[in-house]
Amino acid sequence: MNCQRCNIRKATVHLTKIVNNEKTEAYLCEECARETGQLPFSGGNPFAFQNLLQGILSPELDSFEQYQQKLECDKCGLSYRDFTQKGLFGCANCYDTFSEQIEPIFKRVHGNTLHNGKVPGRRGGTLRIKREIEELREEMQRAVFCEDFEKAAEIRDKIKELEEKEKKQKQG
Amino acid sequence: MGEENKAYSSLSHWISGDGPDSEIVMSSRIRLARNLKDFVYPNIADTESRKKVSEAVKDALTSEDLCLHYIQMSDLPELERELLVEKHLVSPIHAENGTGKDVFIDDKESISIMVNEEDHIRLQVLKPGMQLNKAWEIASEIDDRLEQKLDFAFSERWGYLTACPTNVGTGLRASVMVHLPALNFTNNAAKLLSAVSRLGLAIRGLYGEGSESIGNIYQISNQVTLGHTEMDIIENLNSVTSEIINQEKKAREGLMNDIKVKDRIRRSYGVLRYAYQISSEEAMNLISHVRLGIDMGIINDVDPRVLGELMILIRPAHIQKIHGRELDIVERDIKRAELIQNRLSI
Ligand SMILES: [Zn+2]
Ligand SMILES: [Zn+2]
């Protein structure tokens, strides 16, 4: 099949776009795909665009993948198949449901699979660290009171560590 | 003219042409994507769920006293929604029909918070010139305050859980809008930009997805959102942008004695002053030349802010708003030429 845009080169890029629930498909050569902004310039990360994502998310099905496609989020009802077609998660719980499938996707899109940025203060972040520090301080005072200086020193080091961590998270 | 003056004064602060490196960097933008843990995402949410999210975000924002105006998109006529799109305050998708779509905007139109877009919350801060760090500070501060009131979808492993996997982690999209006419004149823009795309950055033209530039204006943004800190992402974009600024400046120096370029610039100016009708694309390309002419000292009687201002004002919804009624394409092209001539003679 020839490219739908230039009609000269072979179509090697299959693009699926969903706008307002309407699916449009295009078969383009690599050059035309690049020119129309569907592919990044050469050498760039070829998996960063959502359009393209659908391409890598919906591979040919073998039996294992058929099993994957049937996976369904029990909170929002989104199936893995729906996800691969839309390129969008339905809720936060989808991440856990599809955790095995999405790790390789993250790896390809971002080159990373672990968050390293800002952490919400209220949940699991600086506030939790603050609380932990407060508790440790109390424990340290108890240790000092009981003249267990070795333990107190240990706790002091722990507090220092946490304070460093807190500082880092604040800087985001 | 009365209406036009009002339109000038109602332009967003980010288009003011101020800020560091404003002769090349038109604006800086920080966008954060956030979702509420207990609600399904907008792409599958029903009306009731969307309304609940809308209420929750509204409560959080109004209690924070951030002096934001609350707008329900469904309350606005189509033209007004289009105006917000042209001002870059809402996305085109957000201007389409749908329940529970809100936007919160501050007086300067620097901050916009879309609710029930692709994610529950899309927080955006726009600043004139090269000010990514400042924009990030403001966005992060608002994010902190929202987070006091709302339970965000977050995991220690993957960070902020966005609707699209391309935003997961930081949920951060940092971008700059740069004007690179000299690099285009010297046929170096494509080369430079392809080098840039190898550094994990995406480049788009002015009005959307295509890489084709209109008016020599490009938007450069980070592609990777997972695995790096926000500061790393911003610093990467900062350093690449300052290199681009250097290259553009060098290219401009090289053009100083180029007669052909001087001629192009003056001819572009002439067309803008005397055309009877003009499309937005042609207008943007010519305005870009005029702005270059101003920066290079070839044109001395025009305000350098015209590029940014006209970029917004010559778009269809703005032309129709200024004119007070709907206009067909031919009428718009005529009114656009008029508007440009009026602005150039201020
Ligand atoms: Zn082609
Ligand atoms: Zn789900």
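Protein chains get the first letters and strands the later ones, always in sequence-line order, with residue 1 at the start of each.
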From OG1 (B:Thr225) to CG (A:Asn112), nearest 0.5 Å: 9.5 Å
Closest contact, heavy atoms only, B:Cys164 versus A:Leu88: CB-CD2, 3.6 Å
Other residues, nucleotides, ligands: >12 heavy atoms within 6.0 Å of B:Glu78 CD: no
Partner chain A: residue of B:Leu226, B:Leu36, B:Ile44 with the largest heavy-atom pair count (under 4.5 Å): B:Leu226
Closest non-hydrogen atom pair between A:Ala92 and B:Ala153, with its separation: CB-CB, 3.7 Å
Shortest non-hydrogen contact between B:Tyr41 and A:Cys91, atoms and distance: CZ-C, 3.6 Å
Residue pair A:Lys118 / B:Leu172, side-chain heavy-atom distance below 4.5 Å: no
Validation row: B:His228, A:Asn116 side chains within 4.5 angstrom (heavy atoms): no
B:Trp158 and A:Tyr95 aromatic ring geometry - parallel, tilted or perpendicular at 30°/60° bounds: tilted
By side chain to side chain donor-acceptor pair (under 3.5 Å) - contacts of B:Lys191 (at least two apart): B:Asn188
Where B:Asn43 and A:Lys86 come nearest, the two heavy atoms and their spacing: OD1-NZ, 3.0 Å
B:Lys134, NZ: over 12 other non-hydrogen atoms inside 6.0 angstrom: no
Heavy-atom side-chain proximity of A:Phe89 to B:Val40 below 4.5 angstrom: no
Heavy-atom proximity to chain A below 4.5 Å, by part of B:Asp144: both
Interatomic distance, B:Glu156 atom CD to A:Leu114 atom CG [nearest 0.5 angstrom]: 10.5 Å
Closest non-hydrogen atom pair between A:Gly117 and B:Glu230, with its separation: CA-OE1, 3.4 Å
Under 3.5 Å: donor-acceptor pair, side chain of A:His115, backbone of B:Val168: no
B:Asn35 versus chain A, the contacting section by heavy-atom distance below 4.5 Å: neither
B:Glu243 atom CD, neighbour heavy-atom count above 12 within 6.0 Å: yes
B:Glu82: salt bridge (Lys or Arg N to Asp or Glu O under 4.0 Å) partners, not counting sequence neighbours: none
